[in-house]
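Report on the following structure.
Remember, it's 1-based here, ligands and their atoms both numbered in the order they're listed. For reference, positions follow the sequence shown, starting with 1. The shown structure was predicted, so the numbers you read here are calculated from the model rather than taken from an experiment.
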Amino acid sequence: MILIDGKKAAAELREELKQEVLQLKAKHNKVPGLTVILIGDMAPSQIYVRNKEKSANEVGLKSEVIKYPEAVEEKTVLDKIEELNKDENISGILVQLPLPKHIDKQKVIETILPEKDVDGFHPMNVGNLSSGYESSVPCTPLGCYLMIKKIEPNLSGKKAVMIGRSNLNGKPMAQLLLKENCTVTITHSKTKDLKAECLEADIIVAAVGIPELVKADWVKKDAIVIDVGINKTEKGIVGDVAFDEVSKVAKALTPVPGGVGPMTIACLLKNTIECFKRSQK
Ligand code: NAP
């Protein structure tokens, strides 16, 4: 079984991006800039943002974090986004989710210029992805996609099953695999026989949020299994896949932690660089 090492894959990607930033700097005399807006003091968001900033600096991006207290008015945030939209030194804008209840998430997402939407959540980017046009792609599915392609460069004709249909994971993941000519099934909480669907799959991407939902007898021999889930349990953080038993049947499997997570942040940096390159065209 191939243990897909997300930390190693992310480190390799960051190294490639670092070289690319050096080349861009030589060509354009400036580097891509990423601004992250962080609202409130939720511990996981603080940790994600700190990691994003550290990784951005490591590859040579210009990065900035703008912090607001939990009670900040929606208008203050929207005005700041408008200001960043106009700033030529900023290639990418990310507003860390979740947001406080009084702030309209969709309004925030739609205020970010699609060209600077490094999360790939703007409806314009969602539409471009599903139409097969150039766009920012949400970072977690992009990371999963890159890891799958490393294991199996030719995905044409493979049967892929997404577990979960969120805008963040399942839907964009399905689009990426469809573009690779996979036959894609998207499952969700109302799917009648999830085990039977999974047993058909050459590739399973689990993004559900249920600890160890996917068991060994759901997985076809030699399937590639990508575990997006992050679940806090009594025995620590576990994924949506029962790692120990599935590792005995799968061809390749991501661990949790150390699989999809590190690639997500590296893909945010990749998206920032792609936004910069498109803005220079
Ligand atoms: P979400 O928005 O809550 O979506 C969960 C999806 O799972 C929904 O589509 C839901 O179906 C489906 N589902 C729920 N119960 C199911 C069941 N019994 N059988 C089949 N499908 C079921 O979650 P998300 O934001 O996509 O996140 C999913 C997991 O990934 C979470 O554990 C999250 O923490 C983790 N995550 C990890 C990363 C990373 O970087 N590694 C990034 C983002 C998220 P319905 O649509 O019918 O409700």
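The ligand atoms of ligand 1 that sit less than 4.0 angstrom from a heavy atom of Leu168 are 25 (O), 43 (C). Proximity to Asn169 (heavy-atom distance under 4.0 Å) selects the following atoms of ligand 1: 24 (P), 25 (O), 26 (O), 27 (O), 43 (C), 44 (C). Near Asn231, meaning under 4.0 Å from one of its heavy atoms, ligand 1 places the atoms 32 (O). Heavy-atom proximity to Ser166, at under 4.0 Å, picks out these atoms of ligand 1: 2 (O), 4 (O), 9 (O), 24 (P), 26 (O). For ligand 1 and Gly209, the ligand atoms under 4.0 Å from any heavy atom of the residue are 29 (C), 31 (C), 32 (O). Here is the list of ligand 1 atoms found below 4.0 Å of a heavy atom in Gly164: 6 (C), 7 (O), 9 (O), 12 (C). Contact atoms of ligand 1 toward Gly261: 40 (O), 41 (N) (distance under 4.0 Å to a heavy atom of the residue).
Atom 42 (C) of ligand 1 has as its closest protein heavy atom Thr140 OG1, 3.3 Å. For atom 46 (O) of ligand 1, the closest non-hydrogen atom of the protein is Arg165 NE, 2.7 Å. Scanning the protein heavy atoms around atom 18 (N) of ligand 1, the nearest turns out to be Ile210 CD1, 3.6 Å. Ranking the protein heavy atoms by distance from atom 13 (N) of ligand 1 puts Val208 CG1, 3.5 Å first. Closest protein heavy atom to atom 48 (O) of ligand 1: Ser189 OG, 3.7 Å. With hydrogens left out, the protein atom closest to atom 40 (O) of ligand 1 is Thr264 OG1, 3.0 Å, a heavy atom. The protein heavy atom nearest to atom 20 (C) of ligand 1 is His188 O, 3.2 Å.
At a 4.0 Å heavy-atom cut-off, ligand 1 touches Ile230 through backbone and side chain alike. By the criterion of a heavy-atom distance under 4.0 Å, both the backbone and the side chain of Val228 are placed next to ligand 1. With a 4.0 Å heavy-atom cut-off, ligand 1 is reached by no atom of Thr187. Heavy atoms of Leu194 found under 4.0 angstrom from ligand 1 belong exclusively to the side chain.
For Thr191, the closest heavy-atom approach to ligand 1 does not fall below 4.0 Å. Distances shorter than 4.0 angstrom occur between a heavy atom of Ala207 and an atom of ligand 1.
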Tell me, with the steps shown, if Gln23 and Gln19 meet side chain to side chain donor-acceptor pair (under 3.5 Å).
-> CA-CA 6 Å; Gln23 286 166 11; Gln19 299 309 321; 6.0 Å; no
CA sep, side-chain torsions, deciding dist, call: Glu53, Arg50, salt bridge (charged side-chain N to carboxylate O under 4.0 Å, His left out) = CA-CA 5 Å; Glu53 200 182 13; Arg50 215 176 305 134; over 6 Å; no
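Other residues, nucleotides and ligands contribute more than 12 heavy atoms inside 6.0 Å of the NZ atom of Lys149.
Annotation: Asp240 places no N or O atom under 3.5 Å from an N or O atom of ligand 1; distance criterion only. Residue contacts with ligand 1: Lys190 is placed with no nitrogen or oxygen under 3.5 Å of a nitrogen or oxygen of the ligand (distance criterion only).
Without hydrogens or angle criteria, Ser55 side chain to Asn51 main chain gives a donor-acceptor distance under 3.5 Å.
Atoms NE2 and CD1, on His122 and Ile112 in that order, are 8.5 Å from each other to the nearest 0.5 Å. Summarising the geometry, atom CD belonging to Glu82 is positioned 13.5 Å from atom CG belonging to Asp87; distances are rounded to the nearest 0.5 Å. Distance OH/Tyr145 to CE/Met173: 8.5 Å, rounded to 0.5 Å.
The closest side-chain donor-acceptor pair between Lys27 and Gln280, if any, does not fall under 3.5 angstrom. A side-chain N or O of Thr185 and one of Lys159 form a donor-acceptor pair less than 3.5 Å apart.
Of all heavy-atom pairs between Pro153 and Glu180, the closest is O-OE1, 4.5 Å. Nearest approach of Val161 to Glu197, heavy atoms of both residues: CG2-O, 3.5 Å. Nearest approach of Glu74 to His102, heavy atoms of both residues: OE1-O, 3.8 Å.
Here the side chains of Lys179 and Gln175 are not in contact, with every heavy-atom distance at 4.5 Å or above.
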